[in-house]
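Presented below is the structure to which this report refers.
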Amino acid sequence: MPEKVVIVGSGPAGWAAAIYTARANLEPLVYEGAVTEENRQDGTLPLGQLNLTTEVENYPGFPAGDLSHYLKDALDSDQAWLADMHQKEGCSGPELMNLMRQQAKNFGTRIVTDDIVEVDFSGHPFKLKSSQGEAVDSLAVIIATGARANYLGLESESKYKNNGVSACAVCDGALPRFRSKPLVVVGGGDSAVEEADYLSKFASQVYMVHRRDELRASQIMAERAKNNEKIAILWNSQVGEVLGNDADGVTGVRLTSTVGEPDREVEAGGMFVAIGHTPNTRFLEGKLEMTDKKYLKWTVPFRTNTSVEGVFAAGDVADDYYRQAITAAGTGCMAALDAERWLAAKGFH
Ligand code: NAP
């Protein structure tokens, strides 16, 4: 018997889809991803990008406060260690993701800790294969594999991730560690300007480090950067090394010039990398329609349909614009409802 719905991915989109499809008696099977060194390096471990962040202050429902008792009570005993690690400041990314996973489990979601590496959507039921070689057939599929932030790839950058290096100003920018300090934003696109502008509310100064002498950002965003007194653009520059120490985290960056000027050091309490994201769609190449940046295409306005009928997409894998936990969870819910209605219309459920 084929599965009714398989969900691939375990960020907020995947778990929201699981909660909704489980409650609709579709008995979802979630492939949450494999725990491998390759996935760790890539930033594609189970529970997605939020599991790599610290505090989450913008997900509604979790104001600042001590959640340790709640975590102990809500999570299975094998996850109770999260309650002991709790920082008493509201919800962290890993806590939020484990709570979502638990909620999906409570409604009967089955979870496999493996990657889907191959799909065949040419016939029906759809065929999927995991990295361990397990084959699964399903009547409907929800893809929620998310995206990963691009980083520069420097060793010093990895060393200070979550200790002053971030790829999300909206997630981390308001943390006390970044307040009233000079900060560096790397990149010259709309995201970099948006991050710099956002950070300028908290920082004493924001340096945008861009490798060329012209921004990629749209005219209106470029004007915003240039008109913001707190933003200084450091042209023709690349970050060669992130400077810091274990106690303080990031203390600055060493910049190299792309036009042959001497290296220089800039003092900074944090570095935000805004050089784009890569959607996790490699295993879907040639199987579903994608944008030129390899994001899945939603083919019907305000729906989560993909180019294959019965396959739906939710979260950052199909959204390079909002990229928030709340929007991912929202589209996860939409994909679940779309899948449920599609299965019902086809008489499968
Ligand atoms: P993007 O437009 O691809 O820009 C990436 C930037 O990072 C570019 O300036 C690029 O430099 C730089 N970069 C890439 N790799 C680099 C590396 N290894 N070292 C140093 N710099 C590097 O990406 P995005 O800014 O994330 O925007 C993605 C999409 O979302 C765009 O379509 C954008 O318009 C949209 N967006 C819109 C808004 C808004 O309208 N409010 C906000 C955010 C995003 P080069 O310029 O030299 O290539």
Side-chain angles (χ1 to χ4, degrees), residues 41-43 48-49 52-53 58 146-161 165-173 183-201 206-228 231-243 250 252-261 263-264 266 268 270-281 290-298 313 315-328 331:
Q41 295 280 345
D42 271 1
Q49 295 179 79
L52 305 173
T53 66
N58 56 8
R148 55 193 188 275
N150 297 339
Y151 283 91
L152 296 167
L154 303 168
E155 207 173 294
S156 54
E157 176 191 53
S158 315
K159 182 172 171 192
Y160 294 112
K161 268 186 201 168
V165 170
S166 166
C168 181
V170 181
C171 319
D172 299 332
L183 300 173
V184 162
V185 173
V186 186
D190 281 336
S191 294
V193 173
E194 198 168 62
E195 303 239 317
D197 193 49
Y198 181 78
L199 290 169
S200 71
K201 297 183 178 80
V206 180
Y207 298 106
M208 278 183 72
V209 174
H210 186 37
R211 60 186 177 183
R212 294 186 292 133
D213 61 0
E214 191 190 351
L215 292 179
R216 175 175 297 280
S218 53
Q219 183 80 25
I220 188 167
M221 294 295 275
E223 288 301 319
R224 189 179 295 179
K226 288 172 189 164
N227 293 337
N228 186 324
I231 298 177
I233 306 178
L234 309 181
W235 303 104
N236 301 315
S237 301
Q238 286 266 36
V239 173
E241 188 185 356
V242 183
L243 309 171
V250 172
V253 292
R254 185 174 53 74
L255 297 182
T256 60
S257 164
T258 54
V259 290
E261 302 284 330
D263 285 8
R264 59 178 162 158
V266 173
M271 179 176 91
F272 289 80
V273 188
I275 59 170
H277 286 74
T278 302
N280 300 317
T281 52
M290 297 180 189
T291 67
D292 52 2
K293 289 186 184 154
K294 308 281 184 203
Y295 285 82
L296 295 187
K297 267 192 189 166
W298 278 319
D316 289 13
V317 75
D319 168 25
D320 71 345
Y321 192 77
Y322 295 106
R323 298 194 306 242
Q324 300 300 303
I326 180 77
T327 50
T331 55

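For ligands, and for the atoms within them, numbers begin at 1 and follow the listed sequence.
Crowding of Lys161 atom NZ: a count of heavy atoms from other residues, nucleotides or ligands under 6.0 Å exceeding 12.
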For each nitrogen or oxygen atom of ligand 1, which protein N/O atoms lie closer than 3.5 Å, and how far apart are they, rounded to 0.1 Å?
| residue | atom | partner | partner atom | Å |
| --- | --- | --- | --- | --- |
| ligand 1 | 9 (O) | Gly188 | N | 3.0 |
| ligand 1 | 9 (O) | Gly189 | N | 3.3 |
| ligand 1 | 11 (O) | Arg211 | NE | 3.2 |
| ligand 1 | 11 (O) | Arg211 | NH2 | 3.4 |
| ligand 1 | 19 (N) | Gln238 | OE1 | 3.4 |
| ligand 1 | 25 (O) | Asp190 | N | 3.3 |
| ligand 1 | 25 (O) | Ser191 | N | 2.9 |
| ligand 1 | 25 (O) | Ser191 | OG | 3.2 |
| ligand 1 | 26 (O) | Ser191 | OG | 2.6 |
| ligand 1 | 34 (O) | Asp190 | OD2 | 2.6 |
| ligand 1 | 41 (N) | Glu194 | OE2 | 3.2 |
| ligand 1 | 46 (O) | Arg212 | NE | 3.4 |
| ligand 1 | 46 (O) | Arg212 | NH2 | 2.8 |
| ligand 1 | 46 (O) | Arg216 | NE | 3.0 |
| ligand 1 | 47 (O) | Arg211 | NE | 2.9 |
| ligand 1 | 47 (O) | Arg212 | NE | 2.8 |
| ligand 1 | 48 (O) | Arg211 | NH2 | 3.0 |
| ligand 1 | 48 (O) | Arg216 | NE | 3.3 |
| ligand 1 | 48 (O) | Arg216 | NH2 | 2.7 |

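With sequence neighbours excluded, the residues forming a side chain to side chain contact (heavy atoms under 4.5 Å, CB included) with Ala325 are Pro12, Leu50, Tyr59, listed by chain and number.
Under the 3.5 Å distance criterion, the side-chain polar atoms of Ser237 are matched with a main-chain donor or acceptor of Trp235. A donor-acceptor distance shorter than 3.5 angstrom exists from the side chain of Thr331 to the backbone of Gly315, with no hydrogens or angles considered.
Between Asn58 and Gln324, the closest side-chain pair of non-hydrogen atoms falls below 4.5 Å.
A donor atom on one side chain and an acceptor atom on the other are not found under 3.5 Å apart for Ser257 and Asn236.
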